[in-house]
Number of protein chains: 2
Amino acid sequence: MDLTERKKKILRAIIENYIQTAEPVGSKVIAATPGLNVSSATIRNEMADLEALGLLEQPHTSAGRIPSPGGYRVYVNELMEDYRLSVQETRKLNEALHLKMRELDQVIDQAGRVISQLTQYPAFALASGSSRVTIQRFDLLMVSSDSFIIVVMTDTNVVRNRLVRLPSDLSEAQLQLLNTLLNTTFTGLTLDEITPELMRVASHAAGEAYGLISLVVSFAMDVLESLEQRRVHTAGITSLLSHPEYRSLDRAAPLMSYLSEDQDAARFPMPQGDPMEILIGPENVADALKDTSVVVASYDIGDGMRGVIGVVGPTRMDYAKITARLSYFAAGLSRLFEQGSLPPAEETEK
Amino acid sequence: MDLTERKKKILRAIIENYIQTAEPVGSKVIAATPGLNVSSATIRNEMADLEALGLLEQPHTSAGRIPSPGGYRVYVNELMEDYRLSVQETRKLNEALHLKMRELDQVIDQAGRVISQLTQYPAFALASGSSRVTIQRFDLLMVSSDSFIIVVMTDTNVVRNRLVRLPSDLSEAQLQLLNTLLNTTFTGLTLDEITPELMRVASHAAGEAYGLISLVVSFAMDVLESLEQRRVHTAGITSLLSHPEYRSLDRAAPLMSYLSEDQDAARFPMPQGDPMEILIGPENVADALKDTSVVVASYDIGDGMRGVIGVVGPTRMDYAKITARLSYFAAGLSRLFEQGSLPPAEETEK
DNA sequence: TTTTAGCACTCATTCTCCCTGAGTGCTAAT
DNA sequence: ATTAGCACTCAGGGAGAATGAGTGCTAAAA
């Protein structure tokens, strides 16, 4: 977008003012911005030009101007200055990164909560699983004569377990046999490579323990399935209400219910190439997000998985601040995951 | 509360009408209820009596009456008829109970979501852990020369695991030694019986592997801690907005933020003796709940744990319907947990 | 040619005033 | 003890009227 220096200055001043106040901004206040020594009449003329370019809008004839989605786009791409996180902010973000977090799911969930609380906007978070996960190893741990623990580990280093109780007894030897059979037959297979036929053959080979094979394998399949299916966690939906554009229920309710509707990852934008992406108003595909903005960042979980974390808010969003916080946090998460599949216990502060 | 038959009839009619309409109810509509052949003037006299008894209130002089919290109390205790679940409702509830659920935390969370969706009110769910959990057994599974899996099982039959990577190598024999040491020294101990001293002694006995002891034990402590710390899951907060009393943000926002504030179990009422409890308006201790009602049910998880599930809504709540659904669902959860610490995979429909 | 002062005009917002109607309490008759 | 009738109350809603922020345009100044 080719604009004169003065037009840029004015556009930026309008947008930043509007971001702060949420009120249409008039020529008078802009004329008062330092470094811009022109009268309000001149500003009015410039504003009319900017409106003709599609960068500003007028809610009604006798109101000031508000930025259009296109205006925000120009602002985000060209005008916005990097926001420098304050010491307090970085401290808060760092604290959040040192939370004791256990399972991957919990980390994702927690990260969403934290970023929502820190930005005062609703947040969503998800991990996009690599879709070709396989089981790498099975372990069966005898607990008593009628119960044992199944432990499976995937090639992405996720470990899951389940305690099983049986109606009948079982010997250590049987369990050993079963264990060997599982590890030779069912490792390295993706979910749809585990066919009913394979199950039948294996059950046959298992002899007495034929019923257990299906028990263990169906648990393994559950695990694989749960890793492929991406679930979105949302947090802080009610923080919408603190922003003036959502003071009216008619505006807030549809968005809120969209965000809390159950959890299909496809409904949320994903960063395409860049690690951070900003989607302004109508740039969003989902209808319910057409007049909101979404800022998403992705981070590396390792083992072929990526995490995505984003916030949703009105198009009048403090893009500079939000992107700064989000990218710092996402980078922190990446670092966190770098050192082992999950932060080891020692990492948490003493 | 000692009331004449006619007063009871009138009170009940008023409350049930108000539950449906959310509008103050006048003497005329009540006079029209079948089986009550008196004029509106008579009703007015009776209403004045009921108001004097503290069972009804008048929002302003020229409006109808609405039930007071005390009125609801009488209704719930004496007047309310059992609501019979329809076939559709039971089918829906049963379906929900057959969901594939994996870990305890997920079951709780899911149960809350389901009951919120089914009742159209916000729901909360939590498991109150028995506070004296101990580790019953440790297993260490060698994955490669520099990584292994820790599996711990508590005396309440909860199994948790973690994958650990090490900077240095480790032999199978060392791991065996470690395993034995852990099982002889750290089983059967509650969180605060695991003292630093004990850790020192054990580290010493572990020889080369002294660093690993603390690694494993601190994981075990994390597990014990996570089981004791009760986290509440809330769901469906936005469904509040569909009820007329929360059409205005001033009323909805404080409650919504109370419900989404982070998750200290103490903030929610717990059933005291009975498996089901109803708390009406000011009967709630929390200020934010002073003009809402809460219905809670508890169910048995087994292994010394109880689950609690409840819904929050306006005092004008369809108590009959809600209690029927909630108790049915809670009973279903109890049954679910009866057969093994978690529903085995075969239970899910094919 | 660009900028500015001035002025008429627009329109959302807010306030006031008034009307309407549902519902009550009281009194007198049944 | 019940009921018909009547005067009274009061929230809610709609119709102006006043307010004021902000605009576009024109004509003069730089």
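Below, chains carry the letters A, B, ... as their sequence lines are ordered, and counting in each starts from 1. Worth saying up front: this structure is predicted, and the values here are computed from it rather than measured.
Applying the side chain to side chain donor-acceptor pair (under 3.5 Å) rule to A:Thr315 yields no partners; only residues at least two apart in sequence or on another chain are considered. Every side chain to side chain contact (heavy atoms under 4.5 Å, CB included) that B:Pro69 has, sequence neighbours left out, goes to B:Glu57, B:Ile280, B:Pro282.
Here the options are A:Val311, A:Leu326, A:Val312, the test is side-chain contact (heavy atoms from CB on, under 4.5 Å), and the partner is A:Thr119; only A:Val311 passes.
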Expected rows: protein N/O vs nucleotides 15-19 of chain D N/O, under 3.5 Å:
none

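Within the structure, ring pair (Phe, Tyr, Trp, His ring centres under 6.0 Å) pairs that include any residue of residues 46-74 of chain B comprise B:Tyr72-B:Tyr319 (at least two apart or interchain). For residues 239-249 of chain B, the set of pairs meeting the side-chain hydrogen bond (donor to acceptor under 3.5 Å, both in side chains) definition, not counting sequence neighbours, comprises B:Glu245-B:Arg316.
Distances shown here put every side-chain N or O of A:Arg6 at or beyond 4.0 Å from the OP1 or OP2 atom of C:dT2.
B:Arg325 contributes no side-chain N or O that, together with a main-chain N or O of B:Glu89, makes up a donor-acceptor pair within less than 3.5 Å. B:Ser116 places no side-chain N or O within 3.5 Å of a backbone atom of B:Gly112 that could act as its donor or acceptor partner.
The distance between atom NZ of A:Lys7 and atom C1' of C:dT2, rounded to the nearest whole Å, is 12 Å. Per the geometry, CD1 belonging to A:Ile30 stands 16 Å off P belonging to D:dA21, to the nearest Å.
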Protein-to-nucleotide contact annotation, 5' to 3' order, nucleotides 10-28 of chain C [B base; S sugar-phosphate only; - none; under 4.0 Å, heavy atom]
BBS---------BSBB---

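Residues B:Val296 and B:Met270 fail the side-chain proximity criterion, which asks for heavy atoms closer than 4.5 Å.
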